Every structure is written in structure tokens, then in C-alpha cells.
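First up is the structure itself, then whatever we jot down about it.
The residues of the chain are indexed from 1 along the displayed sequence. Only a predicted model underlies this, so the values are computations on that prediction, with no experimental measurement involved.
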Amino acid sequence: MRTLSTFVFFRRSLPWKSVRGFTLIELLVVITIVGVLVALTLSAVQAAREAARRSDCANRIRQIGLGLHNYHAAFGILPAHGSGTDEPGGIRTRPDSKSNHRRLSYLVGTLPFIEQQSLWEIISNPWTSDPPVVRTFPSMGPVPWFNQLPEANLVAYSPWSWSPEMLRCPSDPTSAKNNGATNYAACLGDGIDAVGCAFGKPQWTHPNDTAPRRFDDSTKRGMFAAGHGFAMKDCFDGTSQTLLVGEVVVGD
């Protein structure tokens with residue numbers, strides 16, 4: 001009995017602590033505060049990521065500009081935006097796989113100067129497709145739209161579907177269909193009439209024209225033109241005041 005009474009006395013002498021839980025109002029307040037903090041944090045993170053992507057995009061444009069300057073230092077002119085191989089015998093034939101009809105972008109010739117030497121080696125040499133359909137394309141490849149032609153269902157020219165990471169803006173998530181794409185376009189000036197007709201100095205005519213039209217001069221008002229390479233000396237108001245390339249959105 002003495003042991004039992006001592007035990008009971010000891011138990012009663014322990015301090016009692018009351019446990020109080022969150023009320024519903026307090027819980028809602030805490031959830032609201034956490035939600036606001038998360039929203040603010042995500043917004044700041046997204047802004048920081050977009051700033052990083054914007055900086056990366058600017059660096060890629062700068063790298064293209066440096067590559068074009070190095071191209072000019074090597075050849076004395078800028079690459080033509082519309083160059084490549086001519087049609088066999090000067091006649092446009094189907095299928096469009098014997099030449100590229102001089103429709104290559106300024107970026108193709110710039111590839112070795114923007115750390116894309118491996119891709120340039122593939123394009124500038126004959127390319128053979130893998131089995132089961134084996135086909136050899138000439139150097140500089142077929143027309144840029146070859147992969148969209150019906151015969152491309154049998155075999156496509158794979159290099160035209162590649163899009164180097166440095167030629168895409170990180171802020172543009174669009175994935176181009178069929179062909180490779182870039183966000184960095186050449187500045188062709190303010191002439192929009194027949195921008196692909198700046199070859200040589202002919203008098204370009206149309207059956208419905210009452211007088212000859214000189215597309216050649218009207219389509220050479222930018223730093224790039226089809227079949228024609230400009231030099232730095234052609235910038236009469238200075239290179240710092242002349243547009244070279246610009247950023248565009250890739251369409252889907």
C-alpha cells in the first residue's frame with residue numbers, strides 16, 4: 001500500500017501541459033502566406049531565367065556577327081544570302097536534288113566561322129543516306145525545300161533538317177516542321193519586290209510589264225542579296241549604323 005500511494009502521489013506531482021491545435025483561420029492564413037511567397041518566388045525565378053535566355057540570345061547574335069566579320073576578313077566580302085550550286089545546264093529540273101538552285105542561306109557559308117565546322121564538312125561534300133534507301137546527294141545538297149517534296153518520303157536530305165542550337169533563340173520554343181530553322185535572319189534591306197532576283201545586272205521583265213523592271217538594283221538595298229556579296233566598304237554611313245542580322249520568330 002505504501003508503494004502504491006507513493007506512486008499515485010508521484011504521478012500527481014507531474015506538471016500537466018495543455019496542447020492547443022491550429023484553428024481553421026490560422027491554417028488558412030498560413031496557407032495564404034505560403035502561396036504568396038511561392039508565387040513571388042516563381043515569378044522571380046522565371047524573370048531570372050528569361051533574363052538569362054535573353055542574354056544567351058544576344059550572345060548568339062554577337063557570335064554570328066563575329067563570324068561574319070571573320071568571313072569578311074578571309075574573303076573580302078560577306079556571304080551571299082542566296083548562293084550555292086546552279087541547275088544542271090542552267091535548266092530547272094525535277095526532282096530538285098541535282099542542285100540547290102542557289103537558294104542557300106547566308107548561314108551555310110558562315111558555318112566554319114561560328115564553330116560549326118563539322119556541319120559544314122557534311123554539307124560541302126557529297127552525302128549518302130543510310131539504308132534501306134541509299135542515295136547520294138551532290139555537295140552543297142539539294143534545294144532547301146527538298147524534304148517537303150513527295151520524293152522525300154523515300155529518302156530525305158538529313159542535313160537540311162538539322163538546326164544547330166546556337167542558331168535558335170532560347171526564348172522561342174517553336175519546333176520547325178520538316179526543315180531546320182533559325183531565329184537569326186539576314187537583313188535584305190527595304191526592297192521586298194522579287195528579293196530573290198538580284199543575280200547580275202539583267203533587265204528583268206514580266207509578260208504583263210509595259211517596261212523592263214530592274215529588280216537587281218531594287219533588291220540590293222541591304223547587307224545581303226541573292227547571289228551577291230557586299231563588303232564593309234559598301235556601308236556608306238558606317239557599319240555601326242547598318243543592320244546586319246535580326247531576330248525573328250520561327251513559324252510552325
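- Asn183 contributes a side-chain N or O that, together with a main-chain N or O of Cys169, makes up a donor-acceptor pair within less than 3.5 Å.
- Legend: residues meeting salt bridge (charged side-chain N to carboxylate O under 4.0 Å, His left out) with Asp234, ordered by chain and number and at least two apart, are absent.
- A 4.5 Å side-chain heavy-atom check between Val108 and Met140 finds at least one atom pair inside the cut-off.
- Between the side chain of Thr128 and the backbone N or O of Arg135, no donor-acceptor pair lies under 3.5 Å.
- Linking ILVMFWY side-chain heavy atoms closer than 4.5 Å, directly or via other members, places Ile61 and Val249 in two distinct hydrophobic clusters.
- Side-chain atoms of Thr85 and Arg102, non-hydrogen and from C-beta on, never get closer than 4.5 Å to each other.
- Not one N or O on the side chain of Trp162 forms a donor-acceptor pair closer than 3.5 Å with the backbone of Leu119.
- Atom CG of Asn147 is separated from atom CH2 of Trp160 by 9.5 Å, given to the nearest 0.5 angstrom.
- For the pair Gly222 and Phe230, the tightest heavy-atom approach, listed with the atom from each and the gap, is O-CE1, 3.3 Å.
- In this model, no donor atom of one side chain and acceptor atom of the other lie less than 3.5 Å apart for Ser99 and Asp86.
- Hydrophobic clustering of Ile, Leu, Val, Met, Phe, Trp and Tyr side chains at less than 4.5 Å, counting indirect connections, unites Val29 with Leu37.
- Here the closest heavy-atom approach between residue Trp127 and residue Ala156 is recorded as CZ3-O, 3.7 Å.
- Between Phe137 and Phe146, the two ring planes are perpendicular [angle over 60°; tilted spans 30° to 60°].
- A donor-acceptor pair is defined here as one N or O able to donate and one able to accept, closer than 3.5 Å; such a pair exists between the side chain of His81 and the backbone of Tyr106.
- Closest approach of Arg54 to Ser171, counting heavy atoms only: N-OG, 4.5 Å.
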Residues Tyr157, Ser129; criterion side chain to side chain contact (heavy atoms under 4.5 Å, CB included); working and verdict:
CA-CA 7 Å; Tyr157 184 69; Ser129 61; over 6 Å; no
Yes or no on ring pair (Phe, Tyr, Trp, His ring centres under 6.0 Å) for Tyr71 and His69, after CA distance, side-chain angles and deciding distance?
CA-CA 5 Å; Tyr71 184 102; His69 275 74; over 10 Å; no
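- Side-chain N or O atoms of Asn70 include none that pairs as donor or acceptor with a backbone N or O of Phe113 at under 3.5 Å.
- A heavy-atom distance below 4.5 Å is not found between the side chains of Phe224 and Ser105.
- Of all heavy-atom pairs spanning Val245 and Ala186, the tightest one is CG1-CA, 4.4 Å.
- Defined by atom type and a distance below 3.5 Å, a donor-acceptor pair is present between the side-chain atoms of Arg62 and Asn59.
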Start with the C-alpha gap between Met166 and Ile114, add the side-chain angles, then the distance that decides, and say whether side chain to side chain contact (heavy atoms under 4.5 Å, CB included) holds.
CA-CA 9 Å; Met166 70 132 331; Ile114 54 175; 3.8 Å; yes
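- One hydrophobic cluster, built from ILVMFWY side chains closer than 4.5 Å, holds both Trp145 and Ile123.
- Hydrophobic clustering places Leu167 together with Ile122 (ILVMFWY residues linked when any side-chain heavy atoms are closer than 4.5 Å, directly or through intermediates).
- Nearest heavy atoms, Ser163 versus Ala181: OG-O, 2.6 Å.
- Looking at Asn125, its side chain never comes within 3.5 Å of a backbone N or O of Ser139 through a donor-acceptor pair.
- For CD of Glu115, the number of neighbouring non-hydrogen atoms (other residues, nucleotides, ligands) closer than 6.0 Å is 12 at most.
- Checked by atom type and distance alone, the side chain of Arg60 pairs as donor or acceptor with a backbone atom of Glu165 at under 3.5 Å.
- Ser55 contributes no side-chain N or O that, together with a main-chain N or O of Ala51, makes up a donor-acceptor pair within less than 3.5 Å.
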Could you please spell out the steps behind the side chain to side chain contact (heavy atoms under 4.5 Å, CB included) verdict for Val134 and Asp130?
CA-CA 6 Å; Val134 178; Asp130 296 327; over 6 Å; no
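- Listed for the Asp172 side chain is a donor-acceptor partner under 3.5 Å among the backbone atoms of Val250.
- Proximity of Thr242 to Cys235: side-chain heavy atoms (C-beta onward) are separated by under 4.5 Å at one or more points.
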I would like to know whether Gln117 and Leu111 meet side chain to side chain contact (heavy atoms under 4.5 Å, CB included); could you show each step before the answer?
CA-CA 6 Å; Gln117 180 69 33; Leu111 288 175; over 6 Å; no
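- Checking side-chain atoms of His72 against main-chain N and O of Met232 turns up a donor-acceptor pair under 3.5 Å.
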